[in-house]
Amino acid sequence: MGDTLRIGAIGYGLRGGLSGLAHKPDEGVELVGLADPNESAQAAFLEKFPNASVTVDYRDFIAQKLDAVFVTSPDWLHEEQASTLLSAGISVYLEKPMAITTEGCDRILWASKTGGGKLFVGHNMRHFGVVQKMKEWIDEGKIGEVKAAWCRHFVSYGGDAYFRDWHADRSKSTGLLLQKGAHDIDVIHWLCSGYSKTVTAFGDLAVYGNNPDRQTPEEYIKVAFRGTWPPASLDKLNPVVDVEDVNMMLMKLDNGVLASYQQCHFTPDAWRNYTVIGTEGRIENIGDAPGNSVVRLWNQNHQKYAEHGDLEFEVPKATGGHGGADEHIVAEFIEFLRTGTTSVTSPIAARQSVAAGVAATYSLRNGGQPVAVPGLDPELAKHFA
Ligand SMILES: NC(=O)c1ccc[n+]([C@@H]2O[C@H](COP(=O)([O-])OP(=O)(O)OC[C@H]3O[C@@H](n4cnc5c(N)ncnc54)[C@H](O)[C@@H]3O)[C@@H](O)[C@H]2O)c1
C-alpha cells in the first residue's frame, strides 16, 4: 500500500455518494474509478470525479491494484464481488446486508481470511446518535443487566424505495426483514451484547401485493422517498413483488436476552423506536434524527407513566448523510485501512445479523416455526475476533 490510498467504487446508485466521502486527495485518499454498467450512473460519477475512470467490470480494479473498493451495488451482487476482490488481496467496504444468504456471508469471510483483503461492513447505524447514546448508557450500567430489547420500525417511504425495484424481488434481496432489518438486528445484537440463537417470525404482503400497476420489464422506475400517500396508490411497482411489507420477528440471543423487531412499510411516518430493558431500568428513544430525537432513561420506580423519565438526552443536530453517520463510518473505514483496527463495526456481527434475518425469513414463510440460527465456523470466529 503506497502513501496515497487508491480506491474504487462498485455501483453508483442511491448509495453511490458514500465512496465520494472518502475522496480526500489532500489527506492521501483518492477515488480513482467506478464500475457500474449503467451509463447515466457513469456520467454522474464522471461529472463529480472528472479525473477518475469508469468501467463496467469491477475486476478491472484487480489489474489496477487498487488498495480498496466500496461495494455499493445491489445486495445479490455483494457475495461474488466482495469475495473476488478479497481473494485478490483488495480491501473492501461492503454495504449492508453483507449478502443475501448466510452461506454467502461465510464465503466472503473465507475469502478475506485466505486472500488477505481486509473486510469492513458498513453498518452505519452503529454511528447514529440515538444508538450511540443507548450503547453508552448500557455500557455504563445505567439499566443493570440487559434482559430484553424491542424495536418498532416505521418505514413511510417503503413503497417508493423498495417496491419499485430489485428490493421487491426475493431472488435479489431474500426479503425486507433481512434487507432493511439487517441494520436493526445488528443494533439489537450490539446493544444486548449477544447474537440471535433462535428466531421466529410472521410476515405478510399486506398492501402492495394487490397493486396491479406494474412496470413493464423494460421500464425502471426508481423514485425513492417521493412520499406517495396513501400507500395503496403507489404506481409502477417492480414486475416481481414477492417480499413482505410487514414483518414481526422474535429473537432469543445466545446470552439469554429476548428481543423483538417489528417492521412496517406502509406507515405514515419514518423512524425507529428502540427500548432496552435491564434489571435496573429501561431506555428508549423517541424520534431518531439528530436535532429531533431524545433518549430517555427510567431507573427509578414510577407507578404510572413518567414522560421524561429520570434522565434525558437530546440528540444534537448533525449534518451529513444519515445524520452524520455516513461521514463517521467512512472515516472509520479509512482508519481501518491504515491501522487494521475498527472501533465500532465488525464483520462477524454483520454476518450474524444476516444469519438471523435469513432464519427469520425462513420462519415467516414456513408458518412461524422457531428456526436455529447457524453458528459461525470457529476458525472464522477466531480469525476475525
Ligand atoms: N447503509 C445504509 O444506510 C444504506 C442505505 C441504502 C442502501 N444501502 C445498501 O447499499 C447498496 C446499494 O443500494 P442502492 O439503494 O444504492 O441501490 P441502487 O439500485 O440505487 O444502485 C445500485 C447501483 O449498482 C449498479 N449495478 C447494478 N449491477 C451492477 C454490476 N453488476 N456491477 C456494478 N454495478 C452494478 C446499478 O447500475 C446502480 O447504479 C445495497 O446493498 C443497499 O442495501 C445501504
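All values reported here derive from a predicted model rather than from experimental measurement. We count ligands from 1, going down the list as the structure has it; atoms in each ligand are counted the same way.
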I need the contact type for [X] against ligand 1. Using non-hydrogen atoms and a strict under-4.0 Å cut-off, is it side chain, backbone, both or neither?
{"X": "Leu77", "value": "side chain"}
{"X": "His183", "value": "side chain"}
{"X": "Tyr58", "value": "neither"}
{"X": "Thr72", "value": "backbone"}
{"X": "Gln179", "value": "side chain"}

task = Kindly confirm or rule out an N or O of Glu95 lying under 3.5 angstrom from an N or O of ligand 1.
result =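 Yes, Glu95 has an N/O under 3.5 Å of an N/O on ligand 1.
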inquiry  = What I want to know is whether Leu14 and ligand 1 share at least one N or O pair that is separated by under 3.5 angstrom.
reply    =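 Leu14 vs ligand 1: N/O contact under 3.5 Å present.
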Plane angle bin for Phe336 and Phe120 - parallel if under 30°, tilted between 30 and 60°, otherwise perpendicular =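 Tilted: the ring planes of Phe120 and Phe336 meet at 30° to 60°.
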query = Aromatic rings His153 and Tyr261: how do their planes relate, parallel, tilted or perpendicular, breaks at 30° and 60°?
reply =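 Ring orientation, 0 to 90° scale: tilted.
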request  = Mind running ring-ring contact (aromatic ring centres under 6.0 Å, His included) on His265 and Tyr208 for me, showing each step along the way?
outcome  = CA-CA 9 Å; His265 289 274; Tyr208 300 110; 7.9 Å; no
inquiry  = Is it the case that the side chains of Ser73 and Gln81 hold a donor-acceptor pair, with the cut-off being a distance below 3.5 Å and no angle test?
reply    =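 Yes, Ser73 and Gln81 have a side-chain donor paired with an acceptor closer than 3.5 Å.
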query = Does a side chain donor of either Asp75 or Ser173 reach within less than 3.5 Å of an acceptor in the other side chain?
reply =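 The criterion, which ignores hydrogens and geometry beyond distance, is not satisfied for Ser173 and Asp75.
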message = Asp242 and salt bridge (Lys or Arg N to Asp or Glu O under 4.0 Å): which single residue from Arg365, Lys172, Arg170 fits?
response =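 Of the listed residues Arg365, Lys172, Arg170, the salt bridge (Lys or Arg N to Asp or Glu O under 4.0 Å) partner of Asp242 is Arg170.
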